[in-house]
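Both ligands and their constituent atoms are indexed starting at 1 by order of listing. From a predicted model like this one, the values you see are computed outputs, not experimental measurements.
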Amino acid sequence: MVSALPYTLLFMLFLLLPFSTIAQTYSNITLGSSLTAQNNGSFWASPSGEFAFGFQQVGAGGFLLAIWFNKIPEKTIIWSANGNSLGQRRSIVQLTADGQLVLTDPKGKQIWDAGSGVSYAAMVDTGNFVLVGQDSVTLWESFGEPTDTILPTQELNQGGKLVARFSETNYSNGRFMFTLQADGNLVMYTRDFPMDSTNFAYWSTQTVGSGFQVIFNQSGYIVLTARNKSILNLVSSSETSTEDFYQRAILEYDGVFRQYVYPKSAGSSSGRWPMAWSPSPSIPGNICMRITENTGGGACGFNSYCILGDDQRPNCKCPTGYDFLDQSDKMSGCKQNFVTQNCDQASRETDQFYFQEMPNTDWPLSDYGYFQPVSEDWCREACLTDCFCAVAIFRDGNCWKKKIPLSNGRIDPSVGGKALIKLRQGNSTTKPGDGDSNKKHQSTLILTGSVLLGSSVFLNFLFFLATVLFIFRFNNRKTKMLHTYLSTLGMNLRSFTYNELDEATDGFKEELGRGAFATVYKGVLAYEKGKLVAVKKFEKMMRENEQEFQTEVKAIGQTNHKNLVQLLGFCKEGEHRLLVYEFMSNGSLEKFLFGNSRPNWHKRIQIAFGIARGLFYLHEECSTQIIHCDIKPQNILLDDSFSARISDFGLAKLLKTDQTRTTTGIRGTKGYVAPEWFKSMPITVKVDVYSFGILLLELICCRKNLEFEAKDETQMILADWAYDCYKGGLLEVLVGYDQEAIVEMKRLEKFVMIAIWCIQEDPSLRPTMKKVTQMLEGAVEVSVPPDPCSFISSI
Ligand SMILES: *[C@@H]1O[C@H](CO)[C@@H](O)[C@H](O)[C@H]1NC(C)=O
Ligand SMILES: *[C@@H]1O[C@H](CO)[C@@H](O)[C@H](O)[C@H]1NC(C)=O
Ligand SMILES: *[C@@H]1O[C@H](CO)[C@@H](O)[C@H](O)[C@H]1NC(C)=O
Ligand SMILES: *[C@@H]1O[C@H](CO)[C@@H](O)[C@H](O)[C@H]1NC(C)=O
Ligand SMILES: *[C@@H]1O[C@H](CO)[C@@H](O)[C@H](O)[C@H]1NC(C)=O
Ligand SMILES: CC(=O)N[C@H]1CO[C@H](CO)[C@@H](O)[C@@H]1O
């Protein structure tokens, strides 16, 4: 064992040999010396070993001739020669025999050079690399040609500049510049990337005529001085000494100038460069707000927005519906990930678009339209119907329309107002309402749960309905005949086989909801690119179910409106009766309204508009007037964009257009049912108006129509309480001090008045849905409503 020791030592020495030859701590680098780019191994270190000059491999196979901190694991680069054109492996830097420092690629092509008539070179302990000529004259030094970093003892003279690198790991010239101009002003600019010219000044010391030098001294102060050495501006300070800390100040790729310190004692253990926080964490304070340039994207790229993180660093992000142009470069900007609005049929495509709200967000300088004073609804509508409009900004009655590309995007509490991002439905990566909990699980088509007050005696008073029933009696070919029949009515409904629907729903596995006569299941239509559907399966066929089925096919099959759930097809095979609907991803209004968190006032208003428009369509715009008879939150579903869609026509009654009233047994759900149902009065469309009035109150107050557990007895019945609050001028109590609603007190009051008109006991006093729609939208004045009377007591 003992005799083996010398060999072991020899072997170890042998192992160390290649390192010591490559990494010598040269004090003087003599003419003819050279370094070859290979695996991080070749450099000339300063006498202390703290700095090194040589090749660093960056990215995939590119080599950077650089200077770096050599005693810390990060090997943080503070200077580089060829960021714009990386060298390949086996590139060579040589101090030539004739006294020039030259970087050549493996083929001998010159990439970069410095100095001439050099006697020797040296990597100095300050981090400066110098080329020295005769009589110790410094011919060239890296401190004189900084890239993006300055170090203690380094100075920036008039005309000197730092150019940010392109990204954290790409060292080519980037988008920002920090320069002490020849006029004495110290300025930060955006650059006209990829050109060298400057674009927008986002910070300056305003020292034209007096600024002379930026000095980074050994106590960690960075100051701008005048020619007479007096201090004009304290740029930054670490308040730590260079004895105990490595220090550097860098214009980073995000455009922010930051000073960093690194405890020398940490040696190879710690691995961070904490920021120095004096006098401010960084320059400029909030770059997101500082850059507002006429050309160029702003602090982040086009169509993106900038937001200051908790660490005070700017983050570039894409709005919903937009993706980064280049995933690896968050400053590259964002592109729309949906098909833009078709200008030829903009008016017809409006129902394909919706808005995502972003509070405190703006893209200054991208506007092409400005309107004031207007309401938010007006602003939304104006942008929705304009195919050029990508985003609308609404703030204090002002409305700006923004076009693509959006620039200077930012989010900041000081911005105020909100941005309305226009998105195409069903074609964006992120769904709206990300904040809503368990979105997937709320995906339901809740069916009735209705408490039927009377039996459904369906009267076939329409001739064509009688025809349908007649056809239905034929057992053979009946489906085909129904289909043919529906086609003749212009209904583009698909007839499904039972097997198809069994497959689509995976054997009726996932139940979405259950009603008196039917259960609804979630399904997927494989042949239609996995389109999601809701399949309503009727229970064993009893006579009433048959009626409900037929009513529903007929009623909804004929309709086509953006506020109605679209019937896609049906199955009528033997005993099986099924209906296939579009799937509504955001569940029922009941869940939305009475869930855990109070939905936003504006969304609630939009839903009220949607329901009103849908009912108006059913009552007055269909060829056959349809009375829904069961309007309530469970039967209003919400689509991708949280638009209201009326569903469940199981109880609907059809009226010929010249026939305005009908008499029938009670349908509908307790609490939403109009008083005339109990008085054997003729049933008209006004029963839906009544139910809508109740629903509108629920939307306004975010509470259920009947709350038997209410602390205060006077609040138990919403309709009564609402009227009391209205009379007593206590609307803020009614909405539970909902700030959003109170801010719009005029509108709130108007909506309550409309609701009170709708729930008048006398049907003839109730407005039509057309009038309701007009009143909601502000096209018609709302007069003071009378007391709706004690209608509830008659239930
Ligand atoms: C470096 O070389 C120069 C010129 O040959 C010489 O004067 C100087 O003393 C040398 N310095 C060191 C530290 O060797
Ligand atoms: C060279 O160093 C860089 C950074 O210091 C590191 O990312 C890279 O993996 C190293 N390459 C090799 C071949 O060791
Ligand atoms: C760095 O970014 C520039 C500008 O986009 C690009 O041209 C260059 O190829 C990038 N370099 C590397 C090594 O990725
Ligand atoms: C130094 O120069 C600055 C600016 O030119 C001037 O304001 C200041 O008074 C001068 N200070 C002295 C001591 O001369
Ligand atoms: C660095 O500058 C600061 C601020 O002017 C000064 O207080 C400090 O003494 C200076 N330190 C050195 C080593 O010059
Ligand atoms: C998110 C998403 O699916 N976007 C798609 C919208 O439609 C266009 C054109 O069909 C596609 O290119 C997008 O990828």
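- Here is the list of ligand 3 atoms found below 4.0 Å of a heavy atom in F193: 4 (C).
- For the 3.5 Å distance criterion, the side chains of T126 and N128 fail to qualify, holding no donor opposite an acceptor.
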Short N or O separations between ligand 4 and the protein, below 3.5 Å:
residue	atom	partner	partner atom	Å
ligand 4	2 (O)	N228	OD1	3.3
ligand 4	2 (O)	N228	ND2	2.5
ligand 4	11 (N)	N228	ND2	2.7
ligand 4	14 (O)	N228	ND2	2.8

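- With hydrogens and angles left out, the side-chain atoms of T240 and Q247 include a donor and acceptor closer than 3.5 Å.
- Under 3.5 Å, the side chains of Q181 and Y189 contain a donor-acceptor pair of N or O atoms.
- Considering K418, K402, R410 as possible partners of D362, the one that fulfils the salt bridge (Lys or Arg N to Asp or Glu O under 4.0 Å) test is K402.
- An N or O contact shorter than 3.5 Å links S219 to ligand 5 by distance.
- Side-chain contact of T36 with S42: a donor-acceptor pair under 3.5 Å is absent, judged by distance alone.
- Between Y262 and Y246, the two ring planes are tilted [angle within 30° to 60°].
- Counting atoms of ligand 3 from 1 in the listed order, those under 4.0 Å from a heavy atom of S172 are 1 (C), 2 (O), 3 (C).
- Not less than 2.5 angstrom separates the SG atom of C300 from that of C306.
- Looking at K335 and N303, their side chains never come closer than 4.5 Å, going by heavy atoms from C-beta outward.
- Near N170, meaning under 4.0 Å from one of its heavy atoms, ligand 3 places the atoms 1 (C), 2 (O), 3 (C), 8 (C), 10 (C), 11 (N), 12 (C), 14 (O).
- Residue pairs meeting the salt bridge (Lys or Arg N to Asp or Glu O under 4.0 Å) criterion with at least one partner in residues 139-150, sequence neighbours excluded, are D148-R165.
- Remark: distances from the non-hydrogen atoms of Y171 to ligand 3 are all 4.0 Å or more.
- Each of the following atoms of ligand 5 lies closer than 4.0 Å to a heavy atom of N217: 1 (C), 2 (O), 3 (C), 8 (C), 10 (C), 11 (N), 12 (C), 14 (O).
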